[in-house]
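Remarks on the structure that follows.
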Amino acid sequence: LSGQNGEYFILRDVKGNNIDKKVLKEAITGHQLVTTIDSDFQNYFYNRLQLGLEKLGRTSGVGLALDPQTGEVMALVSFPGFDNNNPAKYLQVETKPLFNRAISGVYNPGSIIKPLMALIALREKIVTPIWETYSSGFLELPNPYHPDKPSRFLDWKAHGWVNLRSALARSSNVYFYIIGGGWKGSLKGLGINKLKEYWEMFGLNEPTGVDLGGEAVGFLPDPEEKEKRTGQIWRVGDTYNVSIGQGDLTVTPLRLLVTIGSIANGGKSPRPFLVKKIVN
């Protein structure tokens, strides 16, 4: 992109006046990079995300839009931003504006994991689309050490009766707790080993191969790793937490979007990219 500098030989007299000039090497113009970014969409996305973060009193966030059929990245925003004419100014800033959160940050996927959970549950025949459960706003597990203090796993509200469609539409935590970890013998649940098997099948622990440097890889927990790291056994509550994208499960925003995009694209997952072409 930068091209090549030219070289000139300039002859001056004793007073410093130029009296002759010879070209030793012609300057070469750099190539033009054409990206997949939709500039209008990018500007809109940037402004809306910035406004949303300000309303929440936050400075950090990620915005991504991807064409699931081609892998083209239509918009990519990482807050806080920086002036690329003076990057040295931001090297010691606490909020790390030079850090590309979209591809290098690893975070809990949260409720965005729920469509994948639904797909796994259907494929494993854990539930049918019309199977229902009741969300009173929480799920409680007995505490063998403190019977008067059961472990409570919260929904964000009481949703009442929910099936697969309504649980996705309302983002019911209780529904996905149950299909992930089971409930009182009424539903077996997928279990952590089956979940990890599918996470790996969808590549959640692999880079996407995007044409940008510094891509990170998330983390997929399992019972053996937890016990080795913490000395604690894996509990049903751990499965509940990862079933709604919390706990120790982490992915990059781009990896998560590519995975969800593969559901929209019939299981196909093209490599995401930003460089459409380079023009001479």
Side-chain angles (χ1 to χ4, degrees), residues 1-10 18 20-53 59-91 93 95-107 112 202-218 251-280:
L1 298 178
S2 61
Q4 297 181 15
N5 292 331
E7 293 183 9
Y8 302 90
F9 177 82
I10 300 175
N18 293 347
D20 195 11
K21 177 180 178 181
K22 294 181 179 179
V23 177
L24 300 181
K25 187 170 69 174
E26 291 284 358
I28 300 176
T29 302
H31 295 96
Q32 180 184 0
L33 177 67
V34 180
T35 74
T36 59
I37 297 293
D38 182 320
S39 60
D40 291 337
F41 185 25
Q42 172 82 4
N43 287 331
Y44 173 80
F45 207 151
Y46 180 95
N47 292 327
R48 286 298 301 270
L49 182 57
Q50 185 177 49
L51 182 62
L53 290 172
T59 59
S60 300
V62 170
L64 275 168
L66 182 77
D67 184 332
Q69 295 183 325
T70 65
E72 293 185 36
V73 178
M74 312 297 290
L76 188 154
V77 184
S78 178
F79 274 105
F82 62 95
D83 177 3
N84 59 6
N85 292 304
N86 188 17
K89 175 182 175 183
Y90 304 90
L91 292 175
V93 176
T95 54
K96 299 182 179 180
L98 296 177
F99 181 64
N100 188 343
R101 289 162 168 80
I103 65 167
S104 301
V106 290
Y107 312 100
I112 306 175
F202 276 87
L204 292 187
N205 60 336
E206 298 176 0
T208 65
V210 67
D211 50 357
L212 290 173
E215 183 176 14
V217 176
V251 294
T252 66
L254 182 60
R255 174 77 264 178
L256 182 60
L257 188 61
V258 168
T259 297
I260 297 301
S262 69
I263 298 175
N265 196 32
K268 298 177 182 178
S269 184
R271 180 179 63 84
F273 66 98
L274 286 93
V275 178
K276 183 176 287 187
K277 60 181 177 179
I278 298 175
V279 180
N280 187 343

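Contact check for Arg271 versus Asp211: side-chain heavy atoms found under the 4.5 Å cut-off. Side-chain contact between Asn265 and Pro270 is present, with heavy atoms from C-beta onward closer than 4.5 Å. Between Leu254 and Leu76, every side-chain heavy-atom pair lies at or beyond the 4.5 Å cut-off. Side-chain contact between Glu72 and Phe273: present, with at least one pair of heavy atoms (C-beta onward) separated by less than 4.5 Å. Tyr90 has its side chain within reach of Asp83: a pair of non-hydrogen atoms, C-beta onward, lies under 4.5 Å apart.
Annotation: the span from Lys268 atom NZ to Thr70 atom OG1 amounts to 13.0 Å, rounded to 0.5 Å. One distance of note links CG of Asn280 with OG1 of Thr29; it measures 9.0 Å at 0.5 Å rounding. Interatomic distance, NZ of Lys25 versus CG of Asn5, reported as 7.5 Å (0.5 Å rounding). With rounding to the nearest 0.5 Å, the separation of CZ in Arg101 from OG1 in Thr252 is 14.0 Å. Atom CG of Leu64 is separated from atom CG of Leu257 by 6.0 Å, given to the nearest 0.5 angstrom. A distance of 10.0 Å separates CG in Leu91 from CZ in Phe82, rounded to the nearest 0.5 Å.
Using modelled atom types, one side-chain atom of Ser104 and one backbone atom of Gly214 make a donor-acceptor pair closer than 3.5 Å.
For residues 31-53, every residue pair satisfying the side chain to side chain donor-acceptor pair (under 3.5 Å) rule, not counting sequence neighbours, is listed here: Tyr44-Arg48.
Within 6.0 Å of the CD atom in Gln69, the count of heavy atoms belonging to other residues, nucleotides or ligands does not exceed 12.
Judged by a 6.0 Å distance limit and a 45° cone about the ring axis, Lys21 is positioned over the six-membered ring of Tyr8.
Under the ring pair (Phe, Tyr, Trp, His ring centres under 6.0 Å) criterion, Phe99 pairs with no residue at all, not counting sequence neighbours.
Scanning all heavy atoms of the two residues, the minimum distance from Ser262 to Ser269 falls at CB-CB, 4.0 Å. Taking both residues in full, the closest heavy atoms of Ile112 and Ile260 are given as O-CD1, 3.3 Å, listed atom of the first, atom of the second, then distance. Closest of all the heavy-atom pairs between Pro87 and Leu98 is O-CD1, 3.8 Å. The heavy-atom pair separating Ala102 from Ser78 by the smallest distance is N-OG, 4.4 Å. Nearest heavy-atom pair, Gly61 versus Leu49, reported as atom, atom and distance to 0.1 Å: C-CD2, 4.4 Å. Taking every heavy atom of both residues into account, Leu53 and Ser60 meet most closely at CD2-O, 3.3 Å.
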* To do: Please step through side-chain contact (heavy atoms from CB on, under 4.5 Å) for the pair Ile37 and Val73, ending with a clear verdict.
  => CA-CA 6 Å; Ile37 297 293; Val73 178; 4.2 Å; yes

